[in-house]
Asks: 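One structure, pasted below without further comment.
Residue numbering restarts at 1 for every chain, and letters A, B, ... go by the order of the sequence lines. From a predicted model like this one, the values you see are computed outputs, not experimental measurements.
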Amino acid sequence: DGGITQSPKYLFRKEGQNVTLSCEQNLNHDAMYWYRQDPGQGLRLIYYSQIVNDFQKGDIAEGYSVSREKKESFPLTVTSAQKNPTAFYLCASNGRNSYEQYFGPGTRLTVT
Amino acid sequence: GQNIDQPTEMTATEGAIVQINCTYQTSGFNGLFWYQQHAGEAPTFLSYNVLDGLEEKGRFSSFLSRSKGYSYLLLKELQMKDSASYLCAVRPNSGNTPLVFGKGTRLSVIA
(Lines give C-alpha, C1' and ligand atoms only; values in the text may rest on other atoms or scores of the structure.)
Protein backbone atom coordinates (compact mmCIF):
# COMPACT_ATOMS: atom_id res chain seq x y z
CA ASP A 1 0.00 0.00 0.00
CA GLY A 2 1.21 3.50 -0.83
CA GLY A 3 1.42 6.03 1.92
CA ILE A 4 3.43 8.10 4.34
CA THR A 5 5.04 6.62 7.42
CA GLN A 6 6.33 8.47 10.43
CA SER A 7 8.19 6.84 13.25
CA PRO A 8 8.00 6.58 16.11
CA LYS A 9 4.43 7.50 17.06
CA TYR A 10 5.53 8.68 20.52
CA LEU A 11 8.98 10.02 21.37
CA PHE A 12 10.39 11.18 24.69
CA ARG A 13 13.60 13.15 25.08
CA LYS A 14 15.46 15.09 27.70
CA GLU A 15 15.92 18.81 27.28
CA GLY A 16 19.18 19.68 25.52
CA GLN A 17 19.18 16.63 23.24
CA ASN A 18 18.73 16.74 19.50
CA VAL A 19 16.16 14.33 18.10
CA THR A 20 15.37 13.29 14.52
CA LEU A 21 11.85 12.45 13.36
CA SER A 22 11.49 10.12 10.41
CA CYS A 23 9.18 10.65 7.41
CA GLU A 24 9.10 8.24 4.46
CA GLN A 25 6.70 8.13 1.50
CA ASN A 26 6.31 5.63 -1.33
CA LEU A 27 3.83 7.74 -3.31
CA ASN A 28 6.52 9.06 -5.68
CA HIS A 29 5.63 12.58 -4.55
CA ASP A 30 7.99 15.44 -5.27
CA ALA A 31 6.90 17.78 -2.48
CA MET A 32 7.13 17.05 1.23
CA TYR A 33 6.25 19.19 4.23
CA TRP A 34 6.70 19.31 7.99
CA TYR A 35 4.03 20.90 10.18
CA ARG A 36 3.80 21.32 13.91
CA GLN A 37 0.53 21.29 15.85
CA ASP A 38 0.05 22.54 19.40
CA PRO A 39 -3.18 22.21 21.43
CA GLY A 40 -5.80 24.66 20.21
CA GLN A 41 -3.62 25.68 17.30
CA GLY A 42 -3.75 24.95 13.63
CA LEU A 43 -0.91 23.38 11.72
CA ARG A 44 2.13 25.61 11.35
CA LEU A 45 4.71 25.06 8.62
CA ILE A 46 8.26 24.28 9.70
CA TYR A 47 10.04 23.34 6.44
CA TYR A 48 9.10 22.12 3.00
CA SER A 49 10.87 20.61 0.03
CA GLN A 50 9.67 20.66 -3.55
CA ILE A 51 12.51 18.60 -4.97
CA VAL A 52 15.43 16.44 -3.87
CA ASN A 53 18.39 18.38 -2.41
CA ASP A 54 16.33 21.54 -1.99
CA PHE A 55 14.18 22.83 0.87
CA GLN A 56 12.74 26.10 2.18
CA LYS A 57 12.03 27.46 5.63
CA GLY A 58 8.46 27.79 6.74
CA ASP A 59 6.98 30.14 9.32
CA ILE A 60 8.60 28.54 12.37
CA ALA A 61 11.91 27.06 11.16
CA GLU A 62 14.07 28.31 14.04
CA GLY A 63 15.49 25.43 16.06
CA TYR A 64 14.77 22.85 13.35
CA SER A 65 16.77 21.39 10.46
CA VAL A 66 15.91 19.07 7.56
CA SER A 67 17.54 17.20 4.71
CA ARG A 68 16.19 15.83 1.42
CA GLU A 69 18.80 13.46 0.06
CA LYS A 70 16.25 11.04 -1.38
CA LYS A 71 12.82 11.63 -2.90
CA GLU A 72 11.23 9.22 -0.43
CA SER A 73 12.65 10.66 2.76
CA PHE A 74 12.42 14.01 4.56
CA PRO A 75 13.73 13.71 8.14
CA LEU A 76 13.27 16.56 10.62
CA THR A 77 15.79 17.25 13.39
CA VAL A 78 14.56 19.10 16.44
CA THR A 79 17.63 20.74 17.92
CA SER A 80 18.31 21.89 21.46
CA ALA A 81 17.85 25.45 20.19
CA GLN A 82 14.11 24.89 19.79
CA LYS A 83 12.64 26.49 22.91
CA ASN A 84 9.31 24.64 23.05
CA PRO A 85 9.78 21.35 21.20
CA THR A 86 6.92 19.40 22.82
CA ALA A 87 4.25 19.13 20.10
CA PHE A 88 2.57 16.87 17.56
CA TYR A 89 4.63 16.75 14.35
CA LEU A 90 2.99 15.96 11.03
CA CYS A 91 4.68 15.15 7.74
CA ALA A 92 2.80 15.54 4.46
CA SER A 93 3.42 15.15 0.75
CA ASN A 94 1.75 15.82 -2.56
CA GLY A 95 2.45 14.89 -6.14
CA ARG A 96 2.96 17.17 -9.12
CA ASN A 97 -0.46 16.50 -10.57
CA SER A 98 -2.38 16.28 -7.33
CA TYR A 99 -3.84 19.11 -5.31
CA GLU A 100 -4.35 16.99 -2.20
CA GLN A 101 -1.79 16.89 0.59
CA TYR A 102 -1.52 13.47 2.22
CA PHE A 103 -0.52 13.31 5.86
CA GLY A 104 1.46 10.75 7.78
CA PRO A 105 0.16 9.49 11.16
CA GLY A 106 2.26 11.99 13.12
CA THR A 107 4.85 11.81 15.90
CA ARG A 108 4.06 13.14 19.34
CA LEU A 109 7.29 14.48 20.83
CA THR A 110 7.58 15.17 24.55
CA VAL A 111 10.67 16.91 25.88
CA THR A 112 11.18 17.14 29.65
CA GLY B 1 0.27 38.09 6.05
CA GLN B 2 -2.05 35.14 5.88
CA ASN B 3 -5.15 34.88 8.03
CA ILE B 4 -7.77 32.14 8.20
CA ASP B 5 -10.63 32.37 10.69
CA GLN B 6 -13.07 29.70 11.78
CA PRO B 7 -15.08 29.20 14.96
CA THR B 8 -13.25 27.46 17.78
CA GLU B 9 -16.02 25.11 18.85
CA MET B 10 -19.49 24.02 17.76
CA THR B 11 -22.02 21.56 19.12
CA ALA B 12 -24.76 19.85 17.14
CA THR B 13 -27.25 17.05 17.61
CA GLU B 14 -27.05 13.62 16.03
CA GLY B 15 -29.05 13.54 12.80
CA ALA B 16 -28.97 17.32 12.37
CA ILE B 17 -27.15 19.54 9.86
CA VAL B 18 -24.22 21.78 10.82
CA GLN B 19 -22.41 24.48 8.86
CA ILE B 20 -18.81 25.39 9.70
CA ASN B 21 -17.71 28.73 8.30
CA CYS B 22 -14.25 29.83 7.24
CA THR B 23 -13.07 33.26 6.11
CA TYR B 24 -9.64 33.92 4.69
CA GLN B 25 -7.34 36.76 3.74
CA THR B 26 -4.27 35.44 1.96
CA SER B 27 -1.63 36.80 -0.40
CA GLY B 28 -3.00 34.65 -3.22
CA PHE B 29 -5.52 31.89 -3.82
CA ASN B 30 -4.99 28.52 -5.45
CA GLY B 31 -7.58 26.43 -3.70
CA LEU B 32 -9.32 25.91 -0.38
CA PHE B 33 -9.25 22.63 1.49
CA TRP B 34 -11.22 21.08 4.32
CA TYR B 35 -9.69 18.36 6.47
CA GLN B 36 -11.15 16.28 9.30
CA GLN B 37 -8.94 15.48 12.27
CA HIS B 38 -9.88 13.14 15.10
CA ALA B 39 -8.08 13.66 18.39
CA GLY B 40 -4.50 12.41 18.28
CA GLU B 41 -4.68 11.47 14.62
CA ALA B 42 -3.54 12.97 11.33
CA PRO B 43 -5.85 15.16 9.24
CA THR B 44 -7.76 13.41 6.47
CA PHE B 45 -8.83 15.17 3.30
CA LEU B 46 -12.51 16.03 2.91
CA SER B 47 -12.88 18.51 0.08
CA TYR B 48 -11.23 20.93 -2.31
CA ASN B 49 -12.70 24.06 -3.89
CA VAL B 50 -10.94 26.26 -6.41
CA LEU B 51 -13.95 27.69 -8.26
CA ASP B 52 -16.99 29.39 -6.74
CA GLY B 53 -19.89 27.19 -5.87
CA LEU B 54 -20.87 24.07 -4.04
CA GLU B 55 -19.07 20.72 -4.15
CA GLU B 56 -21.06 17.80 -2.79
CA LYS B 57 -19.61 14.51 -1.63
CA GLY B 58 -22.03 12.27 0.20
CA ARG B 59 -23.03 13.77 3.55
CA PHE B 60 -20.41 16.49 3.21
CA SER B 61 -20.58 19.59 1.00
CA SER B 62 -18.23 22.55 0.71
CA PHE B 63 -18.97 25.99 -0.67
CA LEU B 64 -16.63 28.71 -1.87
CA SER B 65 -17.03 32.40 -2.66
CA ARG B 66 -13.69 33.82 -3.77
CA SER B 67 -14.96 37.40 -3.96
CA LYS B 68 -15.99 37.24 -0.30
CA GLY B 69 -13.02 35.19 0.90
CA TYR B 70 -15.51 32.75 2.38
CA SER B 71 -16.13 29.04 2.52
CA TYR B 72 -18.31 26.70 4.52
CA LEU B 73 -18.40 22.99 5.18
CA LEU B 74 -21.87 21.49 5.51
CA LEU B 75 -22.32 18.19 7.30
CA LYS B 76 -25.69 16.48 6.99
CA GLU B 77 -27.25 13.62 8.96
CA LEU B 78 -24.70 14.04 11.70
CA GLN B 79 -23.32 10.92 13.32
CA MET B 80 -21.43 10.55 16.59
CA LYS B 81 -18.30 9.64 14.63
CA ASP B 82 -18.36 13.12 13.06
CA SER B 83 -17.15 14.52 16.38
CA ALA B 84 -13.73 15.84 15.38
CA SER B 85 -11.84 19.00 14.49
CA TYR B 86 -12.41 20.45 11.02
CA LEU B 87 -9.52 22.36 9.51
CA CYS B 88 -9.89 24.98 6.80
CA ALA B 89 -6.75 25.57 4.72
CA VAL B 90 -5.81 27.72 1.74
CA ARG B 91 -3.01 27.26 -0.78
CA PRO B 92 -1.91 30.85 -1.53
CA ASN B 93 0.60 29.95 -4.25
CA SER B 94 0.44 27.72 -7.31
CA GLY B 95 2.14 24.37 -7.69
CA ASN B 96 3.32 22.08 -4.91
CA THR B 97 3.38 24.76 -2.27
CA PRO B 98 2.37 24.69 1.39
CA LEU B 99 -1.11 25.16 2.76
CA VAL B 100 -1.97 27.79 5.36
CA PHE B 101 -4.26 26.37 8.02
CA GLY B 102 -6.86 27.89 10.28
CA LYS B 103 -6.88 26.84 13.94
CA GLY B 104 -9.66 24.35 13.38
CA THR B 105 -13.23 24.01 14.60
CA ARG B 106 -13.88 21.36 17.22
CA LEU B 107 -17.31 19.82 16.55
CA SER B 108 -19.08 17.85 19.24
CA VAL B 109 -22.04 15.74 18.16
CA ILE B 110 -24.42 14.96 21.01
CA ALA B 111 -27.31 12.50 21.24
Asks: Anything under 30° is parallel, anything over 60° is perpendicular, the rest tilted; go ahead and classify B:Y72 against B:F63.
Replies: parallel
Asks: Count the heavy-atom pairs under 4.5 Å between each of B:V50, B:L99, B:T44 and chain A, then report the option with the highest count.
Replies: B:L99
Asks: Report yes or no: does A:S49 contribute a side-chain atom to a donor-acceptor pair with the main-chain N or O of A:R68 at less than 3.5 Å?
Replies: no
Asks: Counting only non-hydrogen atoms closer than 4.5 Å, does B:T97 touch chain A with its backbone (N, CA, C, O), its side chain (CB onward), both, or neither?
Replies: both
Asks: Is chain B contacted by the side chain of A:Y99, its backbone, both, or neither, given a heavy-atom distance below 4.5 Å?
Replies: both
Asks: Please look at A:L45 and chain B and tell me whether the side chain, the backbone, both or neither of the residue comes under 4.5 angstrom of a heavy atom of that chain.
Replies: side chain
Asks: Among B:P98, B:A42, B:G104, which residue has the highest count of heavy-atom pairs closer than 4.5 Å to chain A?
Replies: B:P98
Asks: Are B:D82 and B:F60 side-chain neighbours, meaning at least one heavy-atom pair lies under 4.5 Å?
Replies: yes
Asks: Under 4.5 Å between any side-chain heavy atoms of A:Y48 and A:K57, yes or no?
Replies: no
Asks: Salt-bridge test for A:E15 and A:K83: reply yes if a basic N is under 4.0 Å from a carboxylate O, no otherwise.
Replies: no
Asks: Go through A:H29, A:Q6, A:R44, A:Q37 and name the one with the most non-hydrogen pairs under 4.5 angstrom from chain B.
Replies: A:Q37
Asks: Quick check on A:Q50 against chain B: is it the side chain, the backbone, both or neither that has a heavy atom closer than 4.5 Å?
Replies: side chain
Asks: With a 4.5 Å cut-off on heavy-atom pairs, point out which of B:Q2, B:Q37, B:Q6 contacts chain A the most.
Replies: B:Q37
Asks: Quick one: do B:D52 and B:R66 make a salt bridge, cutoff under 4.0 Å?
Replies: yes
Asks: For A:R108, which atoms come within 4.5 Å of any heavy atom of chain B: side chain, backbone, both, or neither?
Replies: side chain
Asks: Go through the atoms of B:I4 and report whether side chain, backbone, both or neither lie under 4.5 Å from a heavy atom of chain A.
Replies: neither
Asks: Taking the side chain as everything from C-beta on, heavy atoms only, tell me whether B:N96 gets closer than 4.5 Å to A:D30.
Replies: yes
Asks: Tell me, for B:R106 versus chain A, whether the close heavy atoms (under 4.5 Å) come from the side chain, the backbone, both or neither.
Replies: neither
Asks: Are any non-hydrogen side-chain atoms of B:L78 and B:I17 less than 4.5 angstrom apart?
Replies: no
